[in-house]
Amino acid sequence: MTQFCLSFQNFRSHQRKAHTSEAAINNSLADVTRMTWKMMGLQGITGQDFKTTYLSLAGYEKLLAWFDKMDVNIKTVLNYTKNFMQFMKYVNIDMDLLLVSNDQGEFNRLSCLQIHISNSRSGLDSGVFELHKRQMNSKPMPPAPAEVKRVLTVAKDDFDRAMDELRKKDDSGPILTKTRVAFINRYITAYLCLGQGIRVGAAENMHGSEFQAAYNGERTLSDLGNPHIVVHVANHKTKVSQDCRIALNSYWTDIFYLYFRYVRIIIFRLKNATHPYFFTQSDGRHFKKVSDGIEKLQKQYKVAKITSSTARCAWETWVESRPEAQRKLVADYLCHSAEVARSHYKHGFAKTSIDALAAL
DNA sequence: GTTCATCTGTGCCCCTCTCC
DNA sequence: GGAGAGGGGCACAGATGAAC
């Protein structure tokens with residue numbers, strides 16, 4: 001029997017060496033842990049230690065049945081399986097376990113199990129694709145841009161009042177209550193996510209220094225001659241897009257500057273904060289509950305809940321009626337290719353089907 | 001067109017903290 | 001002291017681009 005608690009630890013360092021983010025590692029390890037414990041439990045194994053022999057075909061099939069019984073979404077089952085396969089591959093090459101030389105039989109057994117799970121995974125993939133097609137066909141049209149931005153409209157007077165207070169401040173002293181700071185953080189990040197379709201990760205990962213660099217640089221003029229700044233967010237990237245950009249007109253440039261000078265800097269001084277991020281909580285910590293914040297803002301102002309994902313869908317769908325050049329511009333700004341926009345965000349097939357019938 | 005690999009976002013529960 | 005806002009963390013779901 002080969003214990004693999006060692007492998008479990010080494011799996012983390014293995015992923016770190018591959019430059020996988022801590023969030024992704026944690027997510028992957030959590031999935032593997034849950035799967036393993038559940039698999040053991042379903043097989044009646046109550047031991048506190050892990051052994052590779054606990055990983056079995058019967059256990060995996062019982063686990064699939066359990067997921068089915070609990071009505072877990074097939075996408076989730078697929079994600080669990082993917083993470084688990086990655087872990088199994090690692091176990092078989094783990095230099096500390098040395099299964100291939102120390103326990104050839106166990107090495108072969110796990111290799112066979114990997115093949116079987118890989119086959120099951122193909123079935124899950126097909127199921128997810130079918131589900132995706134059904135969702136794309138039945139999903140209703142996303143809200144119109146005005147609806148997406150509703151909370152920004154109804155809360156604007158309160159927000160402008162808060163910023164006016166900041167304009168009258170000098171650089172010293174405590175300035176804002178916890179609630180006030182939370183409101184400002186929520187409104188500004190809601191503007192980025194709902195008003196511009198920026199992903200919450202981009203708002204969360206924007207650095208103070210990135211804003212400073214943009215603010216101190218030259219202004220870029222729009223076609224109408226209005227000055228803008230463009231903040232490059234390097235710490236949020238997808239495979240193709242090397243970075244994310246946040247464009248701000250003169251109104252928002254002023255707002256961001258006020259925030260940076262009278263909220264972030266004073267909080268940093270009072271709380272001895274050191275993190276690099278732009279958005280800061282009243283306690284000095286990194287503000288990273290953007291989607292929660294948007295929901296709470298919408299609840300506070302009694303408007304419909306619209307998430308950042310829905311907002312992206314709404315903007316992508318809205319831009320469908322615009323010229324091709326504009327669609328590409330928007331796709332690029334939202335950090336994905338135009339092809340991705342077509343395959344992942346297009347909605348309203350139900351409506352277009354009815355329109356087509358009417359035209360026949 | 002479909003599958004694979006990976007990373008990111010959302011919802012919810014529960015605990016802590018602030019303000020009245 | 002209590003109500004409710006704020007925040008941490010887990011589980012699940014979705015997004016995204018590359019490879020096949």
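Chain letters run A, B, ... following the sequence lines, proteins first, then strands; residues in each count from 1. Every value quoted in this text rests on a predicted model; they were computed, and no experiment measured them.
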* **Below 4.0 Å: OP1/OP2 of B:dG9 and any side-chain N or O of A:S291** =>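 For B:dG9, neither OP1 nor OP2 has a side-chain N or O of A:S291 closer than 4.0 Å.
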Specify the separation, in whole Å, of atom [atom1] of [X] and atom [atom2] of [N].
X      : N      : atom1 : atom2 : result
A:E295 : C:dG6  : CD    : P     : 13 Å
A:I184 : C:dG6  : CD1   : C1'   : 16 Å
A:I294 : B:dG9  : CD1   : P     : 11 Å
A:Q300 : C:dG4  : CD    : C1'   : 12 Å
A:E204 : B:dT10 : CD    : C1'   : 12 Å
A:L194 : B:dG9  : CG    : C1'   : 14 Å

Backbone N or O of A:Q212 within a donor-acceptor pair of the A:N216 side chain at under 3.5 Å?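 Between the backbone of A:Q212 and the side chain of A:N216 there is a qualifying donor-acceptor contact (under 3.5 Å).
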- Query: Do side-chain atoms of A:N185 reach the backbone of A:F279 as a donor and acceptor pair under 3.5 angstrom?
  - Reply: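 Answer holds: no.
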**Prompt:** At what angle, to 10 degrees, do the two end axes of the helix from B:dG1-C:dC20 to B:dC20-C:dG1 meet, given five pairs define each axis?
**Reply:**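 Between the first-five-pair axis and the last-five-pair axis there is 30°.
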Under the side-chain contact (heavy atoms from CB on, under 4.5 Å) test, residues paired with [X] that sit two or more places apart:
X      : result
A:Y215 : A:F211, A:R219, A:T253, A:Y257
A:A214 : A:I229, A:V231
A:Q281 : A:D283, A:R285, A:F287
A:K156 : A:D160, A:Y187, A:Y251

Would you call A:R161 and A:D158 a salt bridge, using N to O less than 4.0 angstrom?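 Result for this pair is yes, salt bridge flagged.
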Distances under 3.5 Å between protein N/O atoms and the N/O atoms of nucleotides 7-13 of chain C, please, pair by pair.
| unit_1 | atom_1 | unit_2 | atom_2 | d |
| --- | --- | --- | --- | --- |
| C:dG7 | OP1 | A:Q281 | NE2 | 3.4 |
| C:dG8 | OP1 | A:R285 | NH1 | 3.1 |
| C:dG8 | N7 | A:K289 | NZ | 2.8 |
| C:dG9 | O6 | A:K289 | NZ | 2.8 |
| C:dA11 | OP2 | A:R34 | NH1 | 2.1 |
| C:dA11 | O5' | A:R34 | NH1 | 3.2 |
| C:dC12 | OP2 | A:Y80 | OH | 2.6 |
| C:dC12 | N4 | A:N27 | OD1 | 3.3 |
| C:dA13 | OP2 | A:N73 | N | 3.2 |
| C:dA13 | OP2 | A:T76 | OG1 | 2.2 |
| C:dA13 | O5' | A:T76 | OG1 | 3.3 |

query: So, A:H207 versus A:Y277, ring centres under 6.0 angstrom or not?
result: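 Yes; A:Y277 has its ring centre under 6.0 Å from that of A:H207.
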